Colleague: 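Following this message is one structure expressed as C-alpha cells.
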Amino acid sequence: MKVGIPSEISPNELRVAATPKTVKRLLKQGFDVYIQRNAGSKANYSDKEFEEAGAKLVNTAAEIYGQSDIVLKVKEPSSEEVAMMREGLVLLSYLWPAQNQDLLKQLADKKVNAIAMDAIPRISRAQKMDVLSSMANIAGYRSVIEASYFFGRFLNGQITAAGKVDPAKVLVIGAGVAGLAAIGAANSLGAIVRAFDTRKEVAEQIESMGAEFLTVEIEEDGATASGYSKEMSKEFIEAEMKLFLEQAAEVDIIITTAQIPGREAPKLIFDYHVAAMKPGSVIVDLAASTGGNCILTKNNEVYTTDNGVTIVGKLNQLPTQASQLYGNNLCHLLDDMGKGDKFKIDMNDAVISRAMVTHDGKINWPPAPLPVTAAKATTATAVVAVDPKEAEAKKSRQQSLSMLIRLVVIGGFLGIIGQFAPSDFVQHFTVFVLSVFVGWQLIWNVSHSLHTPLMALTNAISGIILVGGLIQVGSLADPLAHLPITILATIAILVASINIVGGFVVTHRMLKMFKK
C-alpha cells in the first residue's frame with residue numbers, strides 16, 4: 001500500500017506528518033512512502049534526508065492525493081485539497097470535526113475514510129496515538145521558555161556579589177498534559193511554581209512535580225469520566241476569580257492551558273486580573289487558537305498592554321520535534337490497523353470507530369460514547385468497635401490453628417510413608433519435609449521494609465542457602481576428603497552472597513531515584 005505525505009499549504013503550519021525516522025518505520029511496516037518535494041523544509045527536514053530514508057519524492061499534491069491509499073497530514077485539508085482526493089482514500093489528519101461539519105460533508109461526498117487524529121479517545125490503549133497529549137507536552141514546555149524570554153529576568157533566585165535576585169513566581173492554570181509539562185519546566189528552571197485545577201484528583205500530580213496546589217474553600221470537584229473538567233457552579237467560579245485576582249497581583253508569569261474539545265476556551269483571566277499584574281509580567285495563553293483563556297488574548301499575536309503586561313497568544317511550534325512526535329503517533333495508529341497488505345479499517349475497534357469521522361460516504365460524528373464500567377453501589381454498614389487486643393488474640397489463635405492443621409497433615413503423610421518405606425529413608429525424608437516447612441514459614445514472614453516484596457523473598461532464600469553452605473563447610477572434619485561437597489557448598493555461599501549484596505545495591509539505587 002502507498003502512504004503519501006503532502007506539503008502543508010497553510011503558511012502558519014510548520015510541521016510535517018512524517019520525518020526521515022518515521023519514513024523508515026513506515027517502510028518496515030510494509031508501506032511504500034511517497035512525499036511531496038519540500039514538504040519537510042519548514043520543519044528543517046530536507047528532501048535528501050527523506051530520499052536517504054527510503055521515501056520517493058513527487059512534485060505535486062495532486063499526485064499524492066490521486067495515487068496514495070493512505071495520506072498523512074497535519075492541518076485539516078482545504079476544499080481544494082479535498083477535490084484532489086480519490087474515492088476510498090484513508091486520510092489521517094487533524095480535522096476538528098465538531099467545528100468543521102462542512103469539511104466532513106465534503107469528505108463524505110468524496111467517500112474519503114477520514115480519521116481525525118484530534119478525536120482519538122483518551123483511553124489507556126490509545127495513549128501512544130494521542131496527538132493532543134504529544135503536542136500539549138511540547139506547548140507546555142515551550143510556554144515556559146517563551147515566558148522567560150519576554151519576562152527578561154532569571155526564573156531562579158540567585159545571591160551574587162552584585163546583589164540578590166528573587167526567584168520568579170509562576171502560576172499555571174490547568175494541570176493537564178500541557179500544564180504538568182509547564183510546571184516541570186518552570187520548576188527545573190528554579191521558579192516558585194503554583195498551579196490551579198478544578199479537579200481535586202490532580203493535586204498529588206501537581207505536588208509531585210514540585211508545585212504548590214492552589215484551591216478554593218468550596219467543596220466541589222470538576223473531574224469527569226472523560227478526563228476533562230466540567231463547568232463549575234457560580235459560587236465556585238466567583239471564588240476562583242477571587243483567587244486568580246490575589247495571585248495576579250503576586251505572581252510574575254501566568255500560563256493558562258484550559259480548553260474544552262469542540263467548544264470555545266473558558267474565560268479565566270479578565271481585564272481586572274491583567275490590570276492587577278505588575279509591569280513586566282507575562283501571560284502565556286495556550287488556548288489562544290480557541291478563543292483564549294484571557295479575555296485580552298489575540299490569537300497569533302504577542303503584544304504589551306498599557307500597564308506593561310505582555311500577553312503571548314503565539315508560540316513557536318518546535319516543528320522539528322513536534323513533527324517527530326506526531327509522526328510517531330501516526331505510525332502507532334497504522335501499526336494497530338495492520339501492516340502493509342494486512343491494513344484494514346475495523347469499525348468494531350474502540351479507537352478506530354470513534355476517530356473515523358467519515359466512512360463509506362457517511363458522516364460518523366459524533367461517535368457513540370465510550371462504555372464506562374458502572375461503579376458498584378455502596379451500602380451503609382454499621383461500624384462495630386473492636387478491642388485491638390482481642391483482635392490480635394483472635395488472629396494469633398487462627399494462625400496457631402492453621403499451623404496445627406498443617407503439622408497434622410504432614411504427620412499423617414509421613415506416617416503413611418513410614419508404613420512402606422525403609423527406616424533410613426523415613427528419617428531423612430522427615431528432616432527434609434520439616435526443613436521445607438520451617439524455611440517456607442521463615443521466608444514468607446520476612447519484612448519488606450528494606451526491599452520490594454520480590455527482592456525480600458529472594459534475599460531470604462539466599463540467606464538460608466548461605467547459612468546452609470556455611471554449616472555444611474563447617475561440619476566437615478576434613479574438607480579435602482569430601483571435595484565435591486566442599487566445592488558445592490563454596491559455590492552456594494558465593495552465589496548467595498552475590499545475590500544478597502546485589503539486592504541491597506539495587507534497593508539503594510531505587511531509593512536514590514526518589515531523592516533530589
Side-chain angles (χ1 to χ4, degrees), residues 1-18 22-23 26 29-40 42-43 50 55-120 129 131 323 326-327 329-331 333-334 336-338 340-341 343-347 349 351-367:
M1 296 187 74
K2 296 180 180 179
V3 173
I5 300 97
S7 294
E8 299 296 327
I9 61 174
S10 172
N12 294 324
E13 183 54 68
L14 307 180
R15 294 169 292 178
V16 62
T22 63
V23 165
L26 290 170
Q29 290 175 240
F31 298 107
D32 296 324
V33 182
Y34 296 81
I35 187 165
Q36 188 177 349
R37 292 186 184 276
N38 298 318
K42 294 179 183 178
F50 282 111
K56 299 174 183 176
L57 300 179
V58 297
N59 294 318
T60 65
E63 294 177 73
I64 295 289
Y65 291 118
Q67 300 176 11
S68 302
D69 300 297
I70 303 168
V71 167
L72 309 180
K73 263 186 62 62
V74 180
K75 198 169 180 62
E76 62 270 25
S78 65
S79 298
E80 291 75 15
E81 288 177 300
V82 174
M84 290 186 278
M85 296 180 185
R86 68 177 185 82
E87 183 177 322
L89 177 71
V90 178
L91 173 68
L92 279 66
S93 174
Y94 277 92
L95 293 174
W96 306 112
Q99 297 100 313
N100 289 320
Q101 289 295 317
D102 290 341
L103 174 60
L104 296 190
K105 188 176 186 307
Q106 293 176 40
L107 292 169
D109 290 342
K110 292 285 290 188
K111 293 188 177 181
V112 172
N113 298 316
I115 294 178
M117 296 304 296
D118 48 280
I120 296 289
M129 316 164 197
V131 299
S323 298
Y326 183 69
N329 293 139
L330 294 172
C331 287
L333 181 55
L334 291 175
D336 270 23
M337 296 180 74
D341 295 334
F343 177 88
K344 67 175 182 177
I345 298 173
D346 182 5
M347 292 303 287
D349 185 285
V351 175
I352 303 303
S353 62
R354 285 163 180 81
M356 185 74 70
V357 294
T358 61
H359 182 245
D360 285 343
K362 297 178 182 178
I363 296 176
N364 188 37
W365 184 266

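Positions are given from 1 along the sequence. Everything numeric in this text was worked out from a predicted model, so none of it was measured.
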Colleague: Taking NZ, NE, NH1 and NH2 as the nitrogens, is one of them in Arg15 or Glu8 under 4.0 Å from a carboxylate oxygen of the other?
Modeller: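 Salt bridge: no.
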Colleague: What is the distance from atom CG of Asn113 to atom NZ of Lys362, rounded to the nearest 0.5 Å?
Modeller: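 Nearest 0.5 Å value for the CG-NZ distance: 12.5 Å.
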Colleague: Rounded to the nearest 0.5 Å, how far does NZ of Lys344 lie from CD1 of Ile352?
Modeller: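 The NZ atom of Lys344 is 11.0 Å from CD1 of Ile352, to the nearest 0.5 Å.
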Colleague: Between Met85 and Leu91, is a side chain to side chain contact (heavy atoms under 4.5 Å, CB included) present by the stated rule, with each step listed?
Modeller: CA-CA 9 Å; Met85 296 180 185; Leu91 173 68; 3.9 Å; yes
Colleague: Could you check Ile345 against Met337 for side chain to side chain contact (heavy atoms under 4.5 Å, CB included), going step by step and ending with a plain yes or no?
Modeller: CA-CA 7 Å; Ile345 298 173; Met337 296 180 74; 4.0 Å; yes
Colleague: Please assess Phe50 against Tyr34 for the test ring-ring contact (aromatic ring centres under 6.0 Å, His included), listing each intermediate value before the final yes or no.
Modeller: CA-CA 9 Å; Phe50 282 111; Tyr34 296 81; over 10 Å; no
Colleague: For the atom pair CG (Leu95) and CG (Leu107), what is the distance rounded to the nearest 0.5 Å?
Modeller: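 Here the rounded value is 6.5 Å.
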Colleague: Going by atom types only, do Gln106 and Ser79 share a side-chain donor-acceptor pair under 3.5 Å?
Modeller: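 Present: a donor and an acceptor within the cut-off.
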Colleague: Compare every heavy atom of Ile35 with every heavy atom of Ala39, then report the nearest pair and how far apart it is.
Modeller: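 Here Ala39 and Ile35 meet closest at CB-CG1, 3.8 Å.
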Colleague: Between atom CG of Asn100 and atom NZ of Lys105, what is the distance when rounded to the nearest 0.5 Å?
Modeller: 14.5 Å
Colleague: Name the orientation class of the two ring planes belonging to Phe31 and Phe343 (parallel below 30°, tilted from 30 to 60°, perpendicular beyond 60°).
Modeller: perpendicular
Colleague: Minimum heavy-atom separation for Leu14 and Pro11, please, with both atom names.
Modeller: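 Result for this residue pair: CD2-O, 4.3 Å.
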Colleague: Which atom pair, heavy atoms only, marks the closest approach of Leu103 to Pro77?
Modeller: CD1-O, 3.7 Å
Colleague: Just do the side chain to side chain contact (heavy atoms under 4.5 Å, CB included) check on Met117 and Leu330 with the steps written out, would you?
Modeller: CA-CA 8 Å; Met117 296 304 296; Leu330 294 172; 3.7 Å; yes
Colleague: So which heavy atom on Tyr94 is nearest to which on Asp118, and how close?
Modeller: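 Looking at all heavy atoms of both residues, the shortest contact is CA-OD1, 3.2 Å.
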Colleague: Thinking salt bridges, do Glu81 and Lys73 make one under a 4.0 Å N-O criterion?
Modeller: yes
Colleague: What heavy-atom pair brings Ser323 and Val16 nearest, and what distance separates the two atoms?
Modeller: OG-N, 3.0 Å
Colleague: Check whether any side-chain heavy atom of Gln36 lies under 4.5 Å from a side-chain heavy atom of Ile5, and answer yes or no.
Modeller: no
Colleague: For Asn364 and Ser353, work out which heavy atoms get closest and say how close.
Modeller: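 In terms of heavy atoms, the two residues are closest at ND2-O, 2.9 Å.
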Colleague: Assess the residue pair Cys331 and Leu26 against the criterion (side chain to side chain contact (heavy atoms under 4.5 Å, CB included)); give the C-alpha distance rounded to whole Å, side-chain angles, the decisive distance to 0.1 Å, and a yes or no.
Modeller: CA-CA 7 Å; Cys331 287; Leu26 290 170; 3.9 Å; yes
Colleague: Could you tell me whether a side-chain N or O of Lys110 sits under 3.5 Å from a main-chain N or O of Ala83, the two making a donor and an acceptor?
Modeller: yes
Colleague: Give, for atom CH2 of Trp365 and atom CE of Met356, the distance between the pair rounded to the nearest 0.5 Å.
Modeller: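 It comes to 13.5 Å.
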Colleague: Cut-off 3.5 Å, side chains only: do Glu80 and Ser78 have a donor facing an acceptor?
Modeller: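 A pair is found: one side chain offers a donor N or O, the other an acceptor, under 3.5 Å apart.
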Colleague: Any salt bridge linking Asp69 with Arg86? Criterion: basic side-chain nitrogen under 4.0 Å from a carboxylate oxygen.
Modeller: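 Salt bridge: yes.
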Colleague: Does the pair Ser93 and Glu76 meet the rule for a side-chain hydrogen bond (donor to acceptor under 3.5 Å, both in side chains), with working shown?
Modeller: CA-CA 6 Å; Ser93 174; Glu76 62 270 25; over 6 Å; no
Colleague: Just wondering, more than 12 heavy atoms not from Asp341 lying within 6.0 Å of its CG?
Modeller: no
Colleague: First locate atom OG1 of Thr60, then atom CE of Met84, and finally report the distance between them rounded to the nearest 0.5 Å.
Modeller: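 One finds 8.0 Å between OG1 of Thr60 and CE of Met84.
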